[in-house]
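Here's the structure, in structure tokens; my notes come after.
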Amino acid sequence: MNCELQETSAAREHKKLGAQLGLFSTMEELGQGLVLWHPKGAVVRFLLEQFSQSAHMLNGYLWAYTPHIGRSQLWKTSGHLENYKDSMYNPIDIDGEEYYLKPMNCPFHFLIYNSELHSYRDLPIRMAEFGTVYRYELSGTLHGLTRVRGFTQDDAHIICTPEQMAGEVSFALKFSLYILRSFGLSEFKPYISTKPPKKAIGSDEQWETATEVLRNAVADAGLTAETDEGGGAFYGPKIDLKLYDALGREWQCGTIQFDFNLPERFGMKYVGSDGRNHTPYVVHRALFGSVERFCALLIEHYNGDFPLWFAPVQFGIVPIGETHNDYCKQLEISLKKQGLRAETDCSEANMREKIRRFETQKVPYMLVAGDRDIKRGGFSVRSRKHGNLGMMTLETLSEHIRDELEQGKPKYIAGGESI
Ligand SMILES: [Zn+2]
């Protein structure tokens with residue numbers, strides 16, 4: 001990378017933009033690898049989660065909430081204590097029993113599944129959650145939002161019959177591509193990770209069959225995957241989608257993982273068409289991967305210039321003088337009543353300074369109001385992308401931004417609709 005490009009990339013770095021836009025911080029005082037989401041960053045995160053949750057519900061997923069800790073027996077049953085302990089924190093003692101901070105959400109979703117009897121007619125069940133997990137990472141590897149010790153997965157478990165497995169893996173991959181494309185992310189690399197040499201559960205034959213299902217799903221999606229030899233989870237092979245940050249480094253985001261092991265360990269069952277009990281298959285999948293990491297990559301991808309539907313402040317309102325403050329405050333309230341996000345600068349700064357402040361914050365629209373605008377019942381509009389747009393009223397502004405806001409509405413794709 002040449003010097004100039006490196007400088008431009010450094011300016012796009014999410015830690016730098018995060019501070020400039022007031023999105024988040026990490027600090028020694030709080031603890032390494034832990035994130036504080038500041039109010040504007042919290043809006044970005046909320047919008048990301050809201051988009052994802054609506055898209056999941058629209059496309060056949062059920063939602064769940066589960067705790068941050070679970071009894072040690074649960075992690076024994078799942079095999080985590082045997083195969084994943086290095087990434088888990090020391091247990092907490094509660095009433096003489098050991099509890100662990102969860103490194104994954106799977107066991108909780110399986111307990112929900114097991115709380116009822118299921119027939120083959122109920123399947124597939126796709127259960128999703130924004131589950132916050134805690135994993136040990138070496139302090140030297142921690143970085144901004146991209147590698148942290150506590151993060152939230154847009155996690156889901158698809159519980160299905162063996163016959164549904166290939167179709168579910170394909171749909172999960174299609175859904176993942178849909179989410180990436182919704183944010184204009186077209187540069188990513190798929191990997192298929194195979195059986196780890198040391199810690200792995202299941203026979204070579206099981207691993208080979210499962211890996212074949214993943215390969216077919218990738219080919220069906222028109223993608224070409226590289227192989228990550230031995231990079232699978234301990235319970236099965238997986239497809240990983242890796243994205244790039246501003247410096248061109250690869251980060252694993254979306255993941256779709258085959259599992260022929262945990263359903264048996266948890267004694268999960270469904271009644272088949274033959275009236276007998278069968279063990280379902282499970283697909284673990286996260287599409288952002290980690291909400292934190294995905295936010296970091298989006299901050300860099302947009303260079304902090306978020307599209308209108310996704311901007312923490314959509315409208316910066318600038319009263320030219322103090323006498324225009326009330327009018328501008330009313331305008332702010334009218335926009336908020338329409339579900340829009342607006343902020344008025346009633347400070348003593350002059351107009352130029354107010355405009356500069358909103359520019360630094362990369363606010364998509366600025367609405368400036370003085371005597372002339374107020375007399376005509378409107379405001380002057382400055383678009384970050386298109387410059388001065390002249391005078392508008394609330395009605396003409398709503399009309400102007402309709403298409404831009406439309407981008408933030410999730411689509412139904414579960415019926416085979418194209419993405
Ligand atoms: Zn899982």
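Order of appearance sets the numbers: ligands from 1, and atoms from 1 within every ligand.
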Compute the centroid of each ring, for His143 and then for His14, and state whether the two points are separated by less than 6.0 Å.
yes
By residue and atom, what protein N/O/S atoms are less than 2.8 Å from the Zn ion (ligand 1)?
Cys106 SG, His157 NE2, His284 ND1
So, the side chain of Arg293 versus the backbone of Arg147: is there a donor-acceptor pair under 3.5 Å, distance only?
no
Picking from Leu287, Thr146, Leu180, Leu145, what satisfies side-chain contact (heavy atoms from CB on, under 4.5 Å) with Phe294?
Leu180
Ring centroid separation Trp309 to Phe183 under 6.0 Å:
yes
Show every side chain to side chain donor-acceptor pair (under 3.5 Å) that has at least one partner inside residues 409-419, sequence neighbours left out.
Glu406-Lys409
Glu163-Tyr120 side chain donor-acceptor pair, cut-off 3.5 Å
no
